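Just so it is clear, the structure is predicted and the values come from calculations on it, not from any experiment. Order of appearance sets the numbers: ligands from 1, and atoms from 1 within every ligand. In this chain, residues are counted from 1 in sequence order.
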Amino acid sequence: MKFFVDTADISEIARLNPSGLVDGVTTNPSLIMKSNRDVREVLADICELVSGPVSAEVVATETEQMIQEGQVLAAIASNIVVKVPLTWDGLKACRALSDQSIRVNVTLCFSANQALLAAKAGAAYISPFIGRLDDLGLDGMDLIAHIRQIYDNYGFATEILAASIRSPFHVMSSALVGADVATVPPAVLRKLAKHPLTDKGLASFLSDWEKTGMSIV
Ligand code: E4P
C-alpha cells in the first residue's frame with residue numbers, strides 16, 4: 001500500500017519525507033487555504049520535495065474551465081496529478097485531461113457507481129471519502145470493498161485512493177480490503193508507528209542495558 005500525505009503544509013512534508021514513507025501528497029482547496037500560501041508556489045515547493053504524485057485540485061465547476069485549470073496545474077511539475085470532483089462536468093474533464101496524458105484523481109467519491117464512471121472516464125485515481133461517510137453513520141469501508149471488487153471484475157487500472165482518513169483503524173481497514181493508496185493526515189501517519197507495548201518494551205531494554213555499563217560504539 002502506498003501512503004500519500006494529505007496536507008499542503010510544506011514543513012510537515014519536509015519532516016515526514018526522510019522516513020521514506022511518503023509516496024505522494026494530496027491537497028484540496030481547503031488544505032491550500034490553510035497553508036496561507038499562493039497555490040502555484042506551494043504546489044511547486046511540494047513537487048520539489050516529493051517525487052511521487054502530488055494531487056492539485058481544480059476549482060472550476062464547468063468542463064472547459066476545469067480542463068484549462070487542469071492544464072495550468074499540470075504545467076507546474078511533471079508529478080502533478082489533477083484532481084477533479086465527481087460531477088458530470090468533472091467526468092468529462094477527466095476524459096479530456098487523461099486523453100492529453102495528464103493524470104487525473106477523481107475526488108469526492110461517495111458511491112461505487114461514481115467510482116465505476118471515474119474508471120471508465122480514464123481516472124488514474126479514485127478518491128472515496130471514508131471519514132465523511134462514517135460521519136453520516138455509513139460504513140466507508142464497504143464502499144472501498146465494493147470499488148475493489150468492481151475494478152477487479154473488469155480489470156480497471158484506476159487506483160483506489162482511500163481518502164478522508166481520520167484514524168489508524170481507517171488505514172488498517174483500507175489495507176485489508178485492498179485500497180492501493182491511503183492518503184493520510186500527518187498526525188495519523190505518525191500514530192501508525194505508536195504502540196504502548198513498544199514504548200514499554202523499549203524502556204525496559206534500555207534500563208537493563210544501562211546496568212551493563214557497555215556501549216556499542
Ligand atoms: C483527499 O484527497 C481529501 O481531500 C481529504 O482526504 C479529505 O479529508 P477530510 O474529509 O478529512 O476533509
Side-chain angles (χ1 to χ4, degrees), residues 1-10 12-13 16 21-37 39 42-43 46-47 49-50 52-61 66 69-70 73-74 76-77 79-87 90-91 93-94 97 102-111 114-115 117-119 121 123-144 147 158-175 177 179-192:
M1 176 182 246
K2 284 171 269 189
F3 285 150
F4 292 176
V5 189
D6 201 22
T7 186
D9 181 338
I10 195 85
E12 279 283 29
I13 298 167
L16 288 167
L21 294 168
V22 178
D23 299 307
V25 173
T26 51
T27 67
N28 62 37
S30 305
L31 293 170
I32 297 288
M33 184 266 293
K34 279 187 205 152
S35 78
N36 221 2
R37 294 192 53 198
V39 60
V42 74
L43 286 168
I46 295 171
C47 289
L49 265 183
V50 176
V54 174
S55 286
E57 191 159 342
V58 303
V59 288
T61 53
M66 284 180 177
E69 288 183 0
L73 292 170
I76 293 172
N79 52 334
I80 286 279
V81 172
V82 174
K83 232 176 168 185
V84 303
L86 212 156
T87 57
L91 290 169
C94 176
L97 290 165
I102 293 175
R103 286 179 299 166
V104 178
N105 173 359
V106 179
T107 188
L108 289 166
C109 170
F110 294 96
S111 81
Q114 287 183 317
L117 294 183
Y125 299 94
I126 182 69
S127 289
F129 276 38
I130 300 169
R132 293 191 194 188
L133 281 170
D134 287 2
D135 289 345
L136 295 181
L138 300 166
D139 188 351
M141 222 42 69
D142 279 352
L143 175 58
I144 306 263
I147 300 172
T158 304
E159 292 191 54
I160 303 172
L161 198 172
S164 187
I165 280 189
R166 308 268 167 81
S167 67
F169 187 72
H170 275 157
V171 177
M172 184 194 70
S173 309
S174 304
V177 294
D180 300 288
V181 190
T183 189
V184 189
V188 176
L189 188 55
R190 288 195 182 89
K191 277 188 201 165
L192 297 182

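Contact detail for Pro53 and Phe4: the closest heavy-atom pair is CG-CZ, 3.8 Å.
Contact check for Leu91 versus Leu86: side-chain heavy atoms found under the 4.5 Å cut-off. Taking the side chain as every heavy atom from C-beta outward, Leu189 and Glu12 never approach each other to under 4.5 Å. Side-chain contact between Asp6 and Ile165 is absent, with no heavy atoms from C-beta onward closer than 4.5 Å.
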N/O contact list for ligand 1, threshold under 3.5 Å:
from	atom 1	to	atom 2	distance (Å)
ligand 1	2 (O)	Lys83	NZ	2.7
ligand 1	4 (O)	Asn28	ND2	2.7
ligand 1	4 (O)	Lys83	NZ	3.2
ligand 1	6 (O)	Asp6	OD2	2.6
ligand 1	6 (O)	Ser164	N	2.7
ligand 1	10 (O)	Arg132	NE	2.7
ligand 1	10 (O)	Arg132	NH2	3.4
ligand 1	10 (O)	Ser164	OG	2.7
ligand 1	10 (O)	Arg166	NH2	3.1
ligand 1	11 (O)	Arg166	NE	3.4
ligand 1	12 (O)	Arg132	NH2	2.8

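The main-chain N or O of Val59 is found under 3.5 Å from a side-chain atom of Glu69 such that the two form a donor-acceptor pair.
For Thr61, there are no side chain to side chain contact (heavy atoms under 4.5 Å, CB included) partners two or more places apart in sequence or in a different chain.
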